[in-house]
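Heads up, the thing below is written out as structure tokens.
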Amino acid sequence: MTTRVRFAPSPTGYLHIGSARTALFNYLFARHTGGKFLLRIEDTDLVRSTDESTRSILEGLEWLGLQPDEEIVFQSANAAKHRQAAYRLLEEGKAYRDFTPREEKAGDVKQSIAERARELPEKGMRDNPYRDLPREESDRRAAAGEPFAIRLKVAAEGKTEFEDKVYGLQERNYKDIEDLVLLRSDGHPLYNLAVVCDDIEMGITHVIRGQDHLTNTHKQILIYQALGAKVPEFAHLPLILAPNKGKLSKRKHGEIVSLTTYRDAGFLPDAFRNFLALLGWSANSEREIFTMEELIEKFSLEGIHRSNAVFNFREGDPKHWTDDKAIWMNAEYIRTMPLASLLPYVKAELKAAKLWRDQYESVSLSEEVAAPVAAPTETGSPEWFTFTVNVIRQRFFTLKDFSTQGRAYFSDDYDFDQSAVEKNLRKFPELRQWLPELADRFAAEFGGKKPFTEENIESVVKVFAEEKGTKLGVIMNGARTLLTGVAVGPSMLTVFAILGLERTLRRLRSRIVWND
RNA sequence: GUCCGGUUCGUCUAGGGGUUAGGACACCGCCCUUUCACGGCGGCAACACGGGUUCAAAUCCCGUACCGGAUACCA
């Protein structure tokens with residue numbers, strides 16, 4: 001039997017990272033077992049569902065590389081079938097019409113539900129007067145146009161049980177389960193019915209979803225049984241919590257829970273997927289970096305654990321705005337992934353920042369690209385671009401850094417970090433004369449045949465520093481700040497070489513930071 | 001309230017009768033270094049609590065506490 005799993009989000013907002021992880025686990029399971037990964041959009045809540053949200057979910061899945069194997073199912077398209085199923089159960093006496101007028105929920109819904117649930121056992125779970133209404137009367141009232149909901153008739157004695165692939169044996173007494181509504185009085189099929197019908201129709205063999213559905217499962221099993229269908233396997237996933245161990249919610253935590261936030265913040269899909277995979281699941285290995293292929297190979301439901309995981313971040317702290325491990329992992333990917341895989345992302349980032357130049361494009365981008373060992377002399381060439389990216393990626397955390405921290409390599413229009421200017425330039429007023437002087441020296445030394453290479457630059461700068469009786473660091477750090485706008489970066493010799501003689505001279509002679 | 005589940009460093013986690021309780025991130029220190037990273041070395045830091053079973057419990061059992069989920073004519 002080939003496995004068939006589905007990811008079934010409701011399109012009522014952007015893709016939550018918890019949902020994204022659920023999708024990922026479904027995908028990994030399908031691939032690992034050679035089965036199918038399906039997508040069903042649960043858009044039966046017409047009021048809250050939006051097309052925009054559906055698009056955003058699709059976009060998010062695509063970004064993570066989780067394409068469904070078959071056509072997307074829209075649950076709303078199946079409403080007629082759901083109704084049919086409810087009526088079939090009514091016909092077979094497994095469900096009944098409830099003529100109780102509908103009660104509108106107002107105020108704090110969660111609380112009113114809890115209150116109702118508290119009172120319910122006293123009245124008795126099976127005290128609905130319509131539960132045993134003679135069939136003729138029920139038919140007559142329905143024919144007369146009296147509105148009714150259809151409820152599943154849950155037996156008074158007995159229990160449901162299933163073996164959850166993660167949480168183990170789960171049992172629930174019927175007495176703890178209300179006669180659940182299958183069809184609203186306006187004919188709208190309710191969630192538990194819709195899910196079961198669709199899962200049957202789609203041939204779902206394994207339901208992998210959040211732990212918040214653990215108790216729903218018992219109700220759904222009752223529906224499967226009433227419908228005479230085979231009950232699938234279930235695997236429930238631990239939840240992803242906020243740092244205060246509360247629910248990680250869109251409303252409370254904002255865009256930090258949205259998958260697209262990470263895409264837009266310059267995360268690599270491989271890195272974020274890797275991070276997500278390790279939240280609530282373990283490959284049981286000291287390693288933590290896994291490609292998609294490795295995740296697929298290693299994934300198993302047994303590796304999922306039962307306790308919820310905290311998504312750790314510090315609100316209002318720019319350095320720790322999201323989970324540190326996610327940031328670290330992204331940086332790790334940026335500096336260690338094959339250059340050929342990284343370059344397209346850098347290209348996209350530079351394009352978005354209007355820093356891209358077509359001359360960077362290498363014809364062999366799709367193949368394994370090895371960075372040149374020394375800075376190519378032809379600034380702006382594909383080799384130069386490859387070399388530069390390889391050098392600067394070593395200390396970047398996100399793709400955004402290529403257009404911000406690394407801006408000075410791709411444009412003459414870059415900003416100066418004022419604290420760097422203070423520390424490395426203004427603190428040494430002599431640099432105001434020395435750096436243009438260094439430019440003259442470079443011009444004299446490299447104006448002819450001598451190539452502007454790190455080795456040659458080093459000897460020139462060393463002599464220069466000695467003449468001025470200053471430490472090499474003063475010259476280097478001052479130059480770094482003036483030439484790149486920031487205090488951090490690669491070896492200054494490499495920076496000179498990357499920028500090339502012309503830009504180096506121009507920038508060394510710039511008065512811009514001296515308030516002249 | 002009731003039902004269900006959970007609890008190993010700050011966080012993600014390994015381990016599951018005998019371990020100096022392992023790793024990763026974060027943090028701190030040292031080394032490397034013209035800066036910052038990377039890297040290397042080191043440090044801080046955990047079995048929720050109480051009973052039991054056992055020669056031996058973080059590991060098995062029971063209870064308590066705390067946390068989470070569920071509860072609907074929402075999904």
Side-chain angles (χ1 to χ4, degrees), chain A residues 8-10 12 42-45 47-49 75 98 100-105 109-110 112-122 147-151 164 167-168 170-173 175-178 180-186 188 190-192 194-195 210-216 218 236 238-239 241 243 245-247 275 278-282 284-289 305-314 319-320 323-329 331-332 335-336 394-397 420 423-424 461 465 471-481 486-493:
Chain A
S10 53
T12 55
E42 309 221 314
D43 57 346
T44 57
D45 188 333
V47 183
R48 288 194 296 156
S49 299
Q75 188 161 65
D98 181 0
T100 311
R102 182 177 177 182
E103 226 179 291
E104 287 295 335
K105 292 269 176 305
V109 179
K110 284 266 173 203
S112 72
I113 291 164
E115 270 160 33
R116 182 178 170 279
R118 236 189 307 279
E119 292 159 8
L120 207 56
E122 290 167 34
F148 58 87
I150 295 182
R151 282 186 187 271
D164 190 274
Y167 288 91
Q170 301 292 310
E171 298 177 291
R172 196 166 185 210
N173 291 318
K175 70 175 173 58
D176 296 319
I177 305 175
E178 199 184 358
L180 57 140
V181 173
L182 302 173
L183 209 61
R184 252 200 240 159
S185 49
D186 61 4
H188 182 85
L190 252 28
Y191 173 72
N192 283 309
V195 165
Q211 186 241 71
D212 46 340
H213 287 290
L214 212 39
T215 48
N216 270 335
H218 291 98
H236 287 87
L239 270 19
L241 268 27
K245 306 216 190 276
K247 207 169 181 174
F275 168 75
L278 263 24
L279 226 42
W281 173 78
S282 161
N284 205 345
S285 155
E286 302 260 287
R287 263 181 63 207
E288 313 228 39
I289 303 290
H305 34 96
R306 301 195 240 277
S307 57
N308 296 335
V310 170
F311 185 71
N312 204 16
F313 60 94
R314 306 180 207 171
K319 196 177 173 196
H320 304 278
D323 199 293
D324 285 322
K325 202 151 189 171
I327 296 173
W328 166 79
M329 200 165 272
E332 183 74 12
R335 63 179 171 255
T336 64
Q394 299 305 327
R395 57 212 81 204
F396 285 172
F397 291 90
K423 189 175 99 192
N424 293 329
V461 180
K471 280 194 283 192
L472 192 60
V474 173
I475 304 289
M476 292 301 205
N477 294 335
R480 179 181 290 104
T481 301
V486 291
V488 311
S491 155
M492 199 49 215
L493 296 170

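Because only heavy atoms are used, hydrogens play no part in the values below, and waters and symmetry mates are left out as well, while side chains stay in. The chains referred to below are lettered A, B, ... by the order of the sequence lines, with proteins before strands, and numbering in each begins at 1.
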Over how many whole Å does the gap from [X] atom [atom1] to [N] atom [atom2] extend?
X      : N      : atom1 : atom2 : result
A:L239 : B:rC67 : CG    : C1'   : 12 Å
A:E332 : B:rA37 : CD    : P     : 16 Å
A:N312 : B:rC9  : CG    : P     : 13 Å
A:M476 : B:rU35 : CE    : P     : 11 Å

For a quick check of understanding: with a heavy-atom distance under 4.0 Å over all strands, which category does [X] fall into, base, sugar-phosphate or nothing?
X      : value
A:S491 : base
A:E115 : nothing
A:K175 : nothing
A:P243 : nothing
A:D176 : sugar-phosphate
A:R48  : base
A:K471 : nothing
A:N173 : nothing

> Salt bridge between A:D186 and A:R184, side-chain N to carboxylate O under 4.0 Å?
Replying inline: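 Here A:D186 pairs with A:R184 in a salt bridge, since their nearest N and O are under 4.0 Å apart.
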> Do the charged groups of A:R116 and A:E178 touch, with an N to O distance under 4.0 Å?
Replying inline: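 Judged by the 4.0 Å cut-off on N to carboxylate O distance, A:R116 and A:E178 do form a salt bridge.
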>> Taking the P atom in each of B:rU35 and B:rG68, what is the distance between them to the nearest angstrom?
In response: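 Result for the P pair: 48 Å, nearest Å.
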>> Strictly below 4.0 Å: does A:T44 bring a side-chain N or O up to OP1 or OP2 of B:rA75?
In response: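 Affirmative; the distance criterion is met.
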> Is the phosphate of B:rC74, meaning OP1 or OP2, less than 4.0 Å from a side-chain N or O of A:R102?
Replying inline: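 Indeed, a polar side-chain atom of A:R102 lies that close.
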Within the modelled atom types, does a donor on one side and an acceptor on the other bring the side chain of [X] and the base of [N] under 3.5 Å apart?
X      : N      : answer
A:T481 : B:rU35 : no
A:S185 : B:rC73 : yes
A:K245 : B:rC67 : no
A:R395 : B:rC38 : no

Of all the choices, [options], which nucleotide is nearest to the side chain of [X] once you look at every atom?
X      : options                : answer
A:H213 : B:rA75, B:rC38, B:rC73 : B:rA75
A:S307 : B:rU7, B:rG69, B:rC73  : B:rU7
A:L190 : B:rA72, B:rG68, B:rA75 : B:rA75
A:H305 : B:rU13, B:rC12, B:rG69 : B:rU13
A:R172 : B:rC3, B:rC73, B:rC27  : B:rC3
A:R184 : B:rC73, B:rU34, B:rU13 : B:rC73
A:N284 : B:rU13, B:rG15, B:rC25 : B:rG15

> Is the gap between the ring centers of A:H305 and A:Y167 under 6.0 Å?
Replying inline: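 No, they do not, as the ring centres are separated by 6.0 Å or more.
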